[in-house]
Amino acid sequence: MKLATWNVNSLTVRLPQVLEWMQAVKPDVLVLQEIKQLTEAFPLDAIREAGFHALANGQKTYNGVATISRWPLNDPVTEIPALGDAQRRVLATTINDLRVINLYVPNGQSLESDKYRYKLGWLAALRDFLAAELKDHEYLAVLGDFNIAPEDRDVYDPADWGDDVLCSAPERAALQELIKLGLVDVFRQFEQPEKIFSWWDYRAARFRRNAGLRIDLILASPALARLCTTSYVDREPRSWERPSDHAPVVAEFSLW
DNA sequence: ATGGTGGTCCAACCA
């Protein structure tokens with residue numbers, strides 16, 4: 001079973017790239033963030049034509065998530081309970097015996113911003129939601145754009161980035177609260193080359209210089225993490241014409 | 001030292 005996450009920065013623009021990538025890599029489940037379109041604008045016909053099922057939780061202009069799967073998607077949840085968030089950033093679905101929680105964590109903008117406080121509150125509510133979901137699902141994956149680089153080795157130049165947003169101690173601590181629930185960052189279960197990132201700012205030729213961060217994560221429940229056989233970032237789509245600023249991240253499991 | 005680029009949608013916001 002091959003699971004993948006990709007922040008596409010507008011599915012309207014990136015649909016051809018998503019279809020091409022799916023054809024080449026053949027994921028069983030692909031979760032998308034920043035589709036930047038209403039649910040009713042999601043290109044369901046094109047996804048079906050490619051042989052997949054899908055559900056979307058969309059929003060005009062900003063945010064929006066969708067989950068694409070070779071098998072039907074059940075029991076959708078589009079909200080973190082008790083958060084009352086107007087922004088479309090969550091889509092939990094059940095695919096066979098696997099619970100898949102697709103996340104677009106708030107960016108936070110800067111440590112002084114209201115958006116940063118919103119990010120920390122969002123992550124606190126997420127923790128409680130995931131604690132409940134873990135009780136109900138042995139095989140649980142939580143994946144998406146976390147907008148947090150877990151450690152300094154996930155940053156191109158930790159001294160240059162400092163403790164700015166995406167790397168600050170409070171957000172890293174909030175991520176550790178998810179890890180304490182038992183979730184495992186499966187990418188780090190395997191030996192990896194140095195300087196592997198999943199996002200490179202469009203500005204200042206950061207992709208050319210590999211000045212990126214690893215902020216797109218695949219977390220797995222203990223039972224699912226034990227079945228993980230590999231995890232990697234596929235840099236190739238970031239090098240295509242008119243790319244997303246994120247690359248897809250993949251994990252494979254001995255499941256199904 | 002400040003601004004880079006790109007998406008949405010056309011002025012300004014978000015990342």
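Being a predicted model, the structure only gives us computed values, none of them experimental.
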Can you confirm if the NZ or CZ of A/Arg238 lies within 45° of the ring axis of A/Phe207 and under 6.0 Å from the centre of its six-membered ring?
yes
Please check if the number of heavy atoms outside A/Arg117 that lie under 6.0 Å from its CZ is greater than 12.
yes
Report yes or no: does A/Tyr104 contribute a side-chain atom to a donor-acceptor pair with the main-chain N or O of A/Phe146 at less than 3.5 Å?
no
Keeping the roles fixed (side chain from A/Thr5, backbone from A/Val249), state whether a donor-acceptor pair exists under 3.5 Å.
no
Which is it for B/dG4, anti or syn, if anything within 90° of zero counts as syn?
syn
Rounded to the Å, how far apart are [X] [atom1] and [N] [atom2]?
X: A/Tyr116; N: B/dA15; atom1: OH; atom2: P; result: 15 Å
X: A/Phe146; N: B/dA15; atom1: CZ; atom2: C1'; result: 18 Å
X: A/Gln87; N: B/dC13; atom1: CD; atom2: P; result: 15 Å
X: A/Lys119; N: B/dA15; atom1: NZ; atom2: C1'; result: 11 Å
X: A/Glu34; N: B/dC14; atom1: CD; atom2: P; result: 12 Å

Nearest-angstrom distance, C1' atom, B/dG4 to B/dC14
16 Å
Would you write the dot-bracket representation of DNA chain B, where each base gets (, ), [, ], | or . depending on whether it forms a Watson-Crick or G-U pair under 3.5 Å and with which partner?
....((((...))))
If only side-chain N and O atoms count, and only distance matters, is there a donor-acceptor pair under 3.5 Å linking A/Trp21 with A/Gln17?
no
Which letter, B, S or -, goes with each nucleotide of nucleotides 3-12 of chain B from 5' to 3', with contact meaning a protein heavy atom under 4.0 Å?
-BBSBSS---
Salt-bridged, A/Asp154 to A/Arg188, with N to O below 4.0 Å?
yes
Are A/Glu40 and A/Lys60 ion-paired here, with the side-chain N under 4.0 Å from a carboxylate O?
no
Identified side-chain hydrogen bond (donor to acceptor under 3.5 Å, both in side chains) counterpart of A/Tyr156 within the set A/Lys195, A/Arg206, A/Arg214, A/Arg209
A/Arg206
